[in-house]
Amino acid sequence: MPALGSADFGVRTFYAASHPNDKCGPNGLPLTPNSIKILGRFQYLSALSHPKLCQYIDISKTKHECMIVISEHHRTCLREKIKIENSLSETQIANIGFQILDGLTYLHEKKVVHRNLSLDNILIDKQGNIKLSEYGLYYMTDYGADVSFPIGLPRYMPPEVLCSGPVKVDEDTGHCVQPTSGPKADVWTFGVILLELILGKEIWAGQGIEEVLMKIIELIKSDMSALDHLCQDPILGEKLKGFSKEMWDVLRLCLAVSSSKRASSAELKQHPLFRYVREFTVAHKKEFSMFTTELRCADLELPTYEQTIANEFSDDHLSQRSMQEVYYLWRLAGGDLDSVLKKAGMSKTRPPVHLLPCYGILAGDVFGQDRDYAELLNNTVITLSQEQLRFRLRDIPSTAFYPLLEDELKSPEPQQLPTSPSYGEMTSSATLPLVIREKDIEYQFHRIILYERLLSAYPFKRPYIWREARIDVPPLVRANVWAALLEVEGDVEGLYTSIDKETPTATDRQIEVDIPRCHQYHELLSSPTAHVKFKRVLKAWVLSNPQYVYWQGLDSLCAPFLALSFNNEAVAFACMNAFISKYLHKFFMRDNSAVIQEYLAVFSHLIAFHDPELSNHLEGIGFIPDLYAIPWFLTMYAHVFPLHKIVHLWDTLLLGNSSFPLCIGVSILQQLRDRLLSFGFNECILLFSDMPEIDIERCVQDSIKFFCSTPKSASYRQHARPLAQKNSTERPNISYYSRDYHELPQTDLSMEPMSIEELKSEKCPRISAEDLIELGELAGSASSRSPTKKRQNSKPMILILDVRHHEDFKRGTLQGSINIPFQTAFSPEGDLNPCPAVHVLNSRRNQVIVVVGNRGRNAANFANELVRLGYSRVCVLHKGIDVFRTTDLITLPPADL
């Protein structure tokens, strides 16, 4: 995205054609509104970037099918230049012409036809450079099929366009069915503009449309060439006598009546007329890309002395920021497009008539209303004032535009909250709720600037992007930040292009059925353009993962990535692929029952671990996770929540490991806890059939709390992603805590796989011996085989409850353990028999209770009973106390126990 520089933001409006209310397509569904179609096609135009084009910034849809387009704008156009200078030399005309051709060639390479070129749509910036504007109207409106007005001025239209007649639209599909204008239509218009530059005025100025059409018809019927016919005009003929043969040749190549005889814009650029301009033209540099195998530093250039001096003495640092960024800040500063349009008198107030005709005559009476001329194209351009934005940023020092990154030698402790250069400057704002922070212009300004620098250094700065994302992720940079968190890198475009997404496959039909039902409330994703992209990305994923099959829910997983990276399908595909690999490993196998059953069993364990009362109630009424949680985990909640909530949820989800989604599920149940405890089975089914409103920010905070208070091994799954084949030195310590338990080095003290039957028979999670060492304060030194070290100066977080027989307990146990033998622990009524150990247990119920026994079932059964009695944070030591036989951690208990 180019920098703002001296450009303004220009606003244009037009109205999309309306469909009748009862009109349906071939599939029986209502036709997609033309405004939605335009919205989807516009996204491609916003991705085009060239020095000779005015950048498209944004588009929005308002009532009555009104489209508001925001683009780069300059206040001077070519018509005004002609008026001021009156007569241009051949050198000046060649310079202007080459710049126009440069922009047209880029458009034609991108399969875009301008078809709206005129003196008014060729702008000139303050440096005197040409900028083509309004080049996307023909493309975004499906070649004129989605609007009620013709695109382009008759005097600039080539003969083949005028001969084809009005735009013809298929009534069933709403698409243009007549041949569309090709790139050579712009070449004819370019030739007409060259003539106008030579004349110093518009061709056929002052003549009406009928007269202009008659002139063009005469051109077509004439036996001589179009240029020779036009030169019969004495003024034009006299003017052309003073120009070179090269100019005459270019005009002949442009103004050929037959389009097949016209030169292309690329061929005209190589014409000898423009040889001197070409020699002094700097090649257009590629846009910055995070994902490439090429050296990004190859195009870096040191600023010249003049540029350095200009920047040092300039107070307009905002002009160095990208247009997208400045427009984003303009909206945060209070910019309102509706109020701008109302102030300019461009807001339509009369509703359109859909069912009545424009007019009808019956017995001399006229019914209906006249045509609303506001629906026709309005060429008025409103310039958005940047005064309010600059006023809001006036107190920000110039150094804030060029922040220094944090000291890399000082890595924060993993347990500490992350810090950043901008964080200290906005202490008051950083404590506000996320929805408020996203509307705070000063806060967003600092965050965007910092992220822009970090993302420019990706992947080298990936750990610091991860650390900043723990604070928050600005909406403007969310797409790239997510890609960085998912460790997407390399030539993603090349990989995506190499996948055959066009050949029909067996899954095409199911994909086509699912897409029209996926987040269709979202204007962008409901567009036909989005549906095509959806299908390509989903097919690419299926084809690149032959070990998986297409399951319903993949479309919901794709939706957030496609909505954020709409103009870069390759990045959306790469993010989706990495996301599924990390969080949904093996979920989309043809037979995924074992994977899902294990996931649900671990989820049940975590519910019991954090809220035994709720767990007992849900189990008592038979409302098991199988009945409501499968869509949660299969789509990572993307099918449950709207996209504006999903992005906030996934901002945090992407920072955690594959067990974090389980904690999100527990936090959702906590928000619904009071209702669930009062409901029976039928009421719970009805509650989850239509998910009630969930406070996402509270959900995120609760999820983090549950995640941090759950031992790593408690969420162990044998079907999770296998050990990552990466050097551990590639990541700083802060990333260790986002890694899965199974990604850590495995030892004899680690967890081992359990069968589904074992998992379902137990209510509590199991904890590994290494986690017990990590969380507790055990006497003696850990064995050299342990992968963890005892933490210093910390209080015990656990209570070890040894349920073996008292004689076995006396022969050796873990330091700090209390003994409640399973055989004598419970009364006939099912309560714990009073004893000193039970008193200790009740006094330390806020700690993690680790039930330790032999390899038999006693420990698991004892833990199940504790859950039944309402004890929270109960877990069982995996493999029993015998796992410590090879260590020096087993000691004799005190004599009084």
Side-chain angles (χ1 to χ4, degrees), residues 415 609-610 612 708-714 747-751 764-825 832-856 858-863 865-867 869 871-897:
Q415 296 85 355
F609 184 82
H610 292 288
C708 294
S709 61
T710 304
K712 295 186 187 74
S713 54
T747 68
D748 293 339
L749 304 181
S750 303
M751 288 290 295
C764 304
R766 293 201 177 193
I767 186 175
S768 66
E770 57 192 1
D771 256 7
L772 187 60
I773 297 172
E774 175 75 16
L775 297 175
E777 281 289 340
L778 302 180
S781 60
S783 170
S784 60
R785 299 170 68 183
S786 173
T788 56
K789 294 182 180 180
K790 191 173 67 174
R791 296 171 303 154
Q792 302 295 326
N793 301 323
S794 60
K795 296 181 180 180
M797 300 174 60
I798 60 174
L799 171 64
I800 302 175
L801 177 57
D802 195 326
V803 299
R804 295 177 297 155
H805 193 276
H806 190 62
E807 295 300 323
D808 294 333
F809 176 76
K810 290 174 63 177
R811 295 191 188 98
T813 187
L814 299 174
Q815 184 180 12
S817 302
I818 62 172
N819 181 227
I820 305 179
F822 178 73
Q823 293 80 2
T824 59
L832 283 171
N833 290 318
C835 66
V838 172
H839 176 73
V840 174
L841 172 65
N842 291 331
S843 66
R844 297 172 63 179
R845 293 182 67 154
N846 61 330
Q847 295 180 341
V848 176
I849 301 172
V850 182
V851 181
V852 177
N854 293 317
R855 278 188 172 270
N858 284 350
N861 292 335
F862 194 102
E865 292 298 315
L866 288 182
V867 172
L869 294 174
Y871 286 85
S872 63
R873 308 181 74 184
V874 178
C875 54
V876 179
L877 176 63
H878 185 57
K879 295 191 286 190
I881 198 170
D882 291 338
V883 74
F884 288 105
R885 296 298 181 188
T886 58
T887 71
D888 57 358
L889 298 178
I890 296 180
T891 61
L892 294 175
D896 56 344
L897 290 180

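Quick caveat, the model's predicted, so the values are computed rather than measured.
When each of L866, N819, V840 is tested with L801 by the rule side chain to side chain contact (heavy atoms under 4.5 Å, CB included), just one qualifies, namely L866.
In terms of the ring-ring contact (aromatic ring centres under 6.0 Å, His included) criterion, Y871 has no residue partners (sequence neighbours excluded). Not a single ring-ring contact (aromatic ring centres under 6.0 Å, His included) links H805 to another residue, sequence neighbours left out.
Here the side chain of D802 pairs no donor or acceptor atom with the backbone of T813 at under 3.5 angstrom. Looking only at distances, no side-chain donor or acceptor of R804 sits under 3.5 Å from a matching main-chain atom of P821. A distance-only check finds a donor-acceptor pair linking the side chain of S713 to the backbone of S768 [under 3.5 Å].
Counting only heavy atoms from C-beta outward, the side chains of F609 and P711 approach each other to under 4.5 Å. Residues H610 and T710 have side chains in contact (heavy-atom distance under 4.5 Å, counting atoms from C-beta outward). Side-chain contact between S817 and V852 is absent, with no heavy-atom pair separated by less than 4.5 Å. Using a 4.5 Å cut-off on side-chain heavy atoms (C-beta onward), D882 and R885 make contact. Between F862 and V876 the shortest side-chain heavy-atom distance does not fall below 4.5 Å.
With rounding to the nearest 0.5 Å, the separation of CG in L749 from OG1 in T887 is 7.0 Å. To the nearest 0.5 angstrom, R811 atom CZ is 11.0 Å from H806 atom NE2. Taking CE of M797 as the reference point, atom CZ of R873 lies at 6.5 Å (rounded to 0.5 Å). Summarising the geometry, atom CZ belonging to F809 is positioned 9.5 Å from atom CG belonging to L814; distances are rounded to the nearest 0.5 Å. Atom CG of D771 is separated from atom NE2 of H878 by 12.0 Å, given to the nearest 0.5 angstrom.
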- [ ] May I have the step-by-step check of side chain to side chain contact (heavy atoms under 4.5 Å, CB included) for L841 and L799, ending in yes or no?
- [x] CA-CA 8 Å; L841 172 65; L799 171 64; 3.8 Å; yes
- [ ] Start with the C-alpha distance between I849 and C875, add both sets of side-chain angles, then the distance that settles side chain to side chain contact (heavy atoms under 4.5 Å, CB included), and finish with yes or no.
- [x] CA-CA 6 Å; I849 301 172; C875 54; over 6 Å; no
TODO: Please test Q847 against I798 for side chain to side chain contact (heavy atoms under 4.5 Å, CB included), starting from the C-alpha separation and ending with a verdict.
DONE: CA-CA 5 Å; Q847 295 180 341; I798 60 174; 5.8 Å; no
TODO: Using the side chain to side chain contact (heavy atoms under 4.5 Å, CB included) rule, take V851 and L877 through it: C-alpha gap first, then chi angles, then the decisive distance, then the call.
DONE: CA-CA 6 Å; V851 181; L877 176 63; over 6 Å; no
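Residues S750 and E770 have side chains that bring a donor and an acceptor to within less than 3.5 angstrom of each other.
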